[in-house]
A.B. asks: 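Take a look at the following structure, please.
Just so you know, residue 1 is the first one in the sequence shown, and it goes up from there. Whatever order the structure lists ligands and atoms in, that order sets their numbers, starting from 1.
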Amino acid sequence: MNLHIHSSKDALAEAFAAYIAQQVQKKESYSIALSGGSTPKVLFQKLASDYKTLDWSKVKLFWGDERMVPPDHDESNFKMTKDFLLDHIDIPAENVFRVMGENEEEEEVKRYEEVLKANLPQQNGLPQFDLVILGMGEDGHTASIFPHQMELLTVDQICALATHPESGQKRVTLTGVMINNGAEVAFLVTGVGKAEKVAAIVNKEGIATFYPAAHIHPKEGQLNWWLDDSAALNIKH
Ligand code: 6PG
């Protein structure tokens with residue numbers, strides 16, 4: 001587990017964007033599963049403003065999870081990514097593999113699984129991302145694996161249908177097995193509201209076992225935590 005701690009959200013986004021661009025430049029093609037929510041917005045803005053000349057035709061974009069809403073819905077992770085990144089870079093439409101939130105839920109789980117199988121190389125019998133970017137909720141959830149559905153960490157599936165614990169909103173999520181098959185997993189977490197659970201996970205405290213994010217350990221790949229000072233506040237150095 002490597003920690004990358006930066007003084008502010010902006011400095012963190014700058015460093016992580018530079019890292020991603022460096023990784024893309026090293027490879028012929030580079031597949032990324034994007035996280036949703038609000039944290040990635042500053043990263044996407046940095047990529048959109050400072051990396052327009054990156055060869056985006058080498059990049060394939062997927063999502064680690066998506067709310068089952070239409071792509072133009074304000075809660076759509078695809079819409080957020082389109083607004084903050086896709087509309088500002090020259091990436092071929094065929095390189096963008098969104099979860100179709102407008103589809104019937106169970107059918108979309110199956111369809112998206114086939115998309116992953118058809119567009120990613122296999123490793124350990126599963127499709128493998130070059131990079132999985134994850135956020136973490138204040139309850140310790142990651143992707144759309146919430147504490148009340150810990151079975152989604154280990155279920156023998158590539159994707160699953162999840163339910164938000166408060167709103168009941170349905171979501172398609174990568175499973176923990178699929179996330180942990182990533183060549184690299186990067187948590188991008190900011191803000192003091194996350195500090196307690198980040199510390200519990202990084203400091204390997206017993207309570208962390210109840211947090212889905214604590215169960216993300218890439219089988220063979222690297223695990224990186226990209227944090228601002230606020231989120232890293234309680235980590236024991
Ligand atoms: C989603 C995300 C989810 C998110 C965390 C953190 O669809 O909401 O993928 O896992 O990363 O909830 O969200 P914030 O970045 O908004 O705190």
Side-chain angles (χ1 to χ4, degrees), residues 6 8-10 12-13 16-17 32-47 61-86 97-102 105 108-109 112 116 129 131-150 152-153 159-176 178-180 182 185-201 210-216 223-228 230-233:
H6 292 270
S8 67
K9 285 185 187 177
D10 195 63
L12 174 65
F16 192 23
I32 309 175
L34 299 172
S35 59
S38 56
T39 302
K41 289 176 182 174
V42 66
L43 169 67
F44 294 167
Q45 282 175 318
K46 215 42 107 178
L47 287 169
L61 295 178
F62 304 78
W63 276 262
D65 68 324
E66 179 60 280
R67 296 83 180 275
M68 289 309 286
V69 295
D72 58 355
H73 190 289
D74 280 347
E75 291 188 26
S76 163
N77 287 333
F78 168 77
K79 180 182 184 299
M80 181 273 285
T81 311
K82 182 176 184 299
D83 292 346
F84 285 84
L85 178 61
L86 301 181
F97 303 87
R98 71 177 179 89
V99 178
M100 295 183 174
E102 67 274 27
E105 296 152 359
E108 183 52 20
V109 170
Y112 198 58
L116 297 177
F129 288 106
L131 176 63
V132 180
I133 300 176
L134 296 172
M136 187 189 75
E138 296 202 3
D139 60 357
H141 81 261
T142 192
S144 281
I145 304 174
F146 292 91
H148 74 297
Q149 291 183 316
M150 297 295 271
L152 296 184
L153 287 164
C159 305
L161 194 60
T163 308
H164 190 281
E166 274 99 52
S167 66
Q169 184 183 60
K170 293 295 182 199
R171 297 166 166 213
V172 171
T173 186
L174 298 181
T175 59
M178 179 62 186
I179 293 170
N180 283 330
V185 177
F187 277 98
L188 179 67
V189 183
T190 61
V192 70
K194 313 278 177 82
E196 182 205 339
K197 294 206 171 46
V198 164
I201 294 168
F210 296 102
Y211 310 149
H215 296 268
I216 298 302
L223 176 59
N224 288 297
W225 283 78
W226 293 82
L227 304 163
D228 68 351
S230 304
L233 198 61

A.B. asks: Heavy-atom distances under 4.0 Å decide this one: backbone, side chain, both or neither, for Thr39 against ligand 1?
C.D. replies: both
A.B. asks: Which residue owns the protein heavy atom closest to atom 6 (C) of ligand 1, what's the atom, and how far is it?
C.D. replies: Met136 O, 3.6 Å
A.B. asks: Does Gly64 come within less than 4.0 angstrom of ligand 1, counting non-hydrogen atoms of the residue?
C.D. replies: no
A.B. asks: Considering distance alone, does some N or O of Pro40 sit under 3.5 Å from an N or O of ligand 1?
C.D. replies: no
A.B. asks: Please write down residue, atom name and distance for the protein heavy atom closest to atom 10 (O) of ligand 1.
C.D. replies: Ala143 O, 2.6 Å
A.B. asks: Quick one: do Arg171 and Val99 satisfy side-chain contact (heavy atoms from CB on, under 4.5 Å)? Show the steps, please.
C.D. replies: CA-CA 10 Å; Arg171 297 166 166 213; Val99 178; over 6 Å; no
A.B. asks: If you take the nearest heavy atom of each of Ala33, Gly135, Gly37, which one is closest to atom 13 (O) of ligand 1?
C.D. replies: Gly37
A.B. asks: Could you pull out the closest heavy-atom pair between Ser35 and Gly135, with the gap in Å?
C.D. replies: CB-N, 3.6 Å
A.B. asks: Between Lys170 (side chain) and Glu105 (backbone), is there a donor-acceptor pair under 3.5 Å?
C.D. replies: no
A.B. asks: Taking the side chain from Thr175 and the backbone from Cys159, do they hold a donor-acceptor pair closer than 3.5 Å?
C.D. replies: no
A.B. asks: Within the structure, does Leu134 bring an N/O atom to less than 3.5 angstrom of an N/O atom in ligand 1?
C.D. replies: no
A.B. asks: Where the closest heavy atom to atom 17 (O) of ligand 1 is concerned, which of Glu66, Glu138, Lys194, Arg171 has it?
C.D. replies: Lys194
A.B. asks: Which heavy atom of the protein is the closest neighbour of atom 12 (O) of ligand 1, given with residue, atom name and distance?
C.D. replies: His141 NE2, 2.7 Å
A.B. asks: When Lys79 is tested against each of Thr81, Asp83, Asn77 for side-chain hydrogen bond (donor to acceptor under 3.5 Å, both in side chains), which residue passes?
C.D. replies: Asp83
A.B. asks: Using modelled atom types and a 3.5 Å cut-off, is there a donor and acceptor pairing between side-chain atoms of His164 and backbone atoms of Arg67?
C.D. replies: no
A.B. asks: Quick check: Ser38 and ligand 1, any N/O pair under 3.5 Å apart?
C.D. replies: yes
A.B. asks: Are any non-hydrogen side-chain atoms of Leu223 and Phe187 less than 4.5 angstrom apart?
C.D. replies: yes
A.B. asks: Closest non-hydrogen protein atom to atom 2 (C) of ligand 1, residue and atom name please, with distance?
C.D. replies: Asp65 OD2, 3.5 Å
A.B. asks: If you measure every N/O of Arg67 against every N/O of ligand 1, is any gap under 3.5 Å?
C.D. replies: yes
A.B. asks: How close do Leu12 and Val189 get, heavy atom to heavy atom, and via which atoms?
C.D. replies: CD2-O, 4.2 Å
A.B. asks: Do Phe16 and His6 come close enough that some side-chain heavy atom pair is under 4.5 Å?
C.D. replies: no
A.B. asks: Closer than 4.0 Å to some heavy atom of Asn77 - which atoms of ligand 1 meet that?
C.D. replies: 1 (C), 7 (O)
